[in-house]
Structure formats: C-alpha cells, structure tokens
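All of these numbers come straight from a predicted model, not from anything done at the bench.
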Amino acid sequence: MHRIIFAFFCTLALPATAQERILSAQKAKGFDTVITQCVSLTRAAFANAGCDDLLIRIDPMVRAEGLKHIGLGRTEWGFGTDVFLRPPAEADIANSVYLTAYLRGSIDPPTMSVWLSLYKETAQGRLILWEDSGLGAGDQSYIANALSQGLAQKLTPVFQTLGQNREN
C-alpha cells in the first residue's frame, strides 16, 4: 500500500503540459458570465459533497470580480443520464464562459479527483481556456474539504483575470 501511495504522489510531481494553468488576459477578454456545474462520475457521497462544496465556494468568488454566475449544480454520468446541464433558456449567455468540474471518487480506498475545465462553447466545439486538477486520498471528510479549498484557491486568479477583462 505504501508503494501505491508513493507512486501516486510521484505522479503529482510530473509536468502536466496538457493543462493550461494560467489564464491569459487575451483568452479572458470579453466574458461577463461564468456558468458552473459538476459532472459526477461516482456515487461516493463524500466526493459528491466535496464537489457541491466547491460549487458553493465559487459563487461569491465569481461575483466579487463583477461577473454574473449561473450555477447549474451537479449531474451524474455513467448511470444512464450522461447529459450536461444547460442554463435556463431565458439566461443571457452571449458573453459566457463555462467552468465544469469533472469528479471521480471511490470509497475503498477513499479517493477523490476533480478536473476543472474552463471553456467557451463555439460552433466547432469547445475552446479550452484553462484547466487544472486536484486529487487526494485518505480520510473522506478531510480530502473532500481540502480538495474543495485547494481548487477554490487555484480558481482565485482565474476569476480575477476574467473580472479584469470582462465585457462591460
């Protein structure tokens, strides 16, 4: 078991060149709304609660930067309902950016991972603007809370950059 944990932490040290971890002002230009949701690929209650907590933390962070927030909540994938949640039809989403948290988790051993993807929907598909992730293993309540806090901290400069370059 110790070897598995050691190997797990070694993977954290590897460079993740596929992820865009800094949102540039150029990429952040012109948005005024952030649309969030959690896509859960697990039935582990502690992991789902951690993702819900992250979404709750995000709302005041987005609004503090002068941006509108549309929180869509959590949806499940892999259990027969593989759909993204959509904003209400009456929502003004012309200058919006999407932040989706993809969640995986297991109960034995307790593990949780969240991949965050900030993107703009285009006619050709999704234009990824920023990505990052976090993972943890150990006590269920600890990793869910710590991962939620840690990812919220990673999002702070993202929301600041969006706010500084928002559509007025």
Side-chain angles (χ1 to χ4, degrees), residues 1-23 33-65 67-88 96-119 121 126 128-163:
M1 183 65 177
H2 292 293
R3 289 184 186 141
I4 293 171
I5 293 171
F6 177 73
F8 174 74
F9 285 110
C10 286
T11 61
L12 296 177
L14 295 174
T17 55
Q19 292 183 340
E20 185 68 35
R21 293 192 175 184
I22 297 173
L23 180 63
T33 305
V34 178
I35 302 169
T36 59
Q37 71 178 298
C38 178
V39 174
S40 175
L41 300 148
T42 183
R43 291 250 167 109
F46 81 95
N48 283 320
C51 202
D52 294 345
D53 183 58
L54 175 62
L55 294 178
I56 290 167
R57 290 174 193 270
I58 286 172
D59 182 68
M61 296 168 62
V62 170
R63 294 182 190 283
E65 299 303 328
L67 300 161
K68 291 179 270 181
H69 179 229
I70 300 173
L72 302 178
R74 178 171 32 96
T75 187
E76 288 186 339
W77 278 19
F79 308 106
T81 56
D82 298 356
V83 295
F84 280 103
L85 301 173
R86 304 300 305 163
S96 64
V97 64
Y98 290 79
L99 176 66
T100 300
Y102 297 91
L103 170 69
R104 290 192 175 274
S106 69
I107 296 171
D108 190 21
T111 58
M112 179 179 167
S113 67
V114 180
W115 165 47
L116 298 171
S117 182
L118 183 76
Y119 57 91
E121 287 193 351
R126 293 181 176 178
I128 304 295
L129 304 172
W130 176 89
E131 292 182 313
D132 210 331
S133 58
L135 42 96
D139 178 72
Q140 291 180 6
S141 62
Y142 178 78
I143 61 173
N145 185 49
L147 204 48
S148 174
Q149 284 182 6
L151 291 171
Q153 288 175 355
K154 288 182 175 188
L155 285 164
T156 298
V158 172
F159 296 141
Q160 289 172 342
T161 303
L162 286 169

L135 and T111, any side-chain heavy atoms less than 4.5 Å apart: no

Compare all side-chain heavy atoms of Q140 with those of I107 and state whether any distance is below 4.5 angstrom. yes

Restricting to non-hydrogen atoms, name the atom on P87 and the atom on L72 that form the minimum distance, rounded to 0.1 Å. CA-CD2, 3.8 Å

Euclidean distance, T156 OG1 relative to L151 CG, rounded to 0.5 Å: 11.0 Å

To the nearest 0.5 Å, tell me how far Y98 OH sits from L85 CG. 11.0 Å

State, yes or no, whether a side-chain contact exists between R43 and E76 at a heavy-atom distance under 4.5 Å. yes

I would like to know whether L103 and W77 meet side chain to side chain contact (heavy atoms under 4.5 Å, CB included); could you show each step before the answer? CA-CA 10 Å; L103 170 69; W77 278 19; over 6 Å; no

A144 and M112 have their tightest heavy-atom pair at CA-SD, 3.7 Å

Quick one, T100 and F84 - any side-chain contact, counting heavy atoms below 4.5 Å? yes

Would you check if P88 and I70 make a side-chain contact, meaning some heavy-atom pair closer than 4.5 Å? yes

The reported gap from SG in C38 to CG in D52 (rounded to nearest 0.5 angstrom) is 6.5 Å

Do T42 and S106 touch side chain to side chain, with heavy atoms closer than 4.5 Å? no

Are any side-chain N or O atoms of T161 and backbone N or O atoms of P157, one a donor and one an acceptor, separated by less than 3.5 Å? yes

One pair to check against side chain to side chain contact (heavy atoms under 4.5 Å, CB included): L155 and L99. What are the steps and the verdict? CA-CA 10 Å; L155 285 164; L99 176 66; 3.9 Å; yes

Return the CG to CG distance between N48 and D53, rounded to the nearest 0.5 Å. 12.5 Å

Using modelled atom types only, decide if a donor and an acceptor are shared between the side chain of K68 and the backbone of S96 within a distance under 3.5 Å. no

Which atom of L55 lies closest to which atom of G73, heavy atoms considered: CD1-O, 3.5 Å

What I'd like to find out is whether the side chain of V39 reaches to under 4.5 Å of the side chain of Q37, using heavy atoms alone. yes

Of all heavy-atom pairs between S133 and K154, which one has the smallest distance, and what is that distance? O-NZ, 2.7 Å

I'd like to know whether H69 forms a side chain to side chain contact (heavy atoms under 4.5 Å, CB included) with M61, so could you lay out the CA-CA distance, the side-chain angles of the two residues, the decisive distance to 0.1 Å, and finally the verdict. CA-CA 10 Å; H69 179 229; M61 296 168 62; over 6 Å; no

Identify the heavy atoms of G138 and I143 that sit nearest to each other, and give their distance. N-CG2, 3.9 Å

Nearest heavy-atom pair of A101 and C51: which atoms, and what distance? CB-SG, 3.9 Å

Step by step, would you call W130 with L162 a side chain to side chain contact (heavy atoms under 4.5 Å, CB included)? CA-CA 11 Å; W130 176 89; L162 286 169; over 6 Å; no

If you count heavy atoms of other groups shown closer than 6.0 angstrom to CZ of R57, is the number above 12? yes

Report yes if the side chains of L54 and L116 come closer than 4.5 Å at any heavy-atom pair, otherwise no. yes

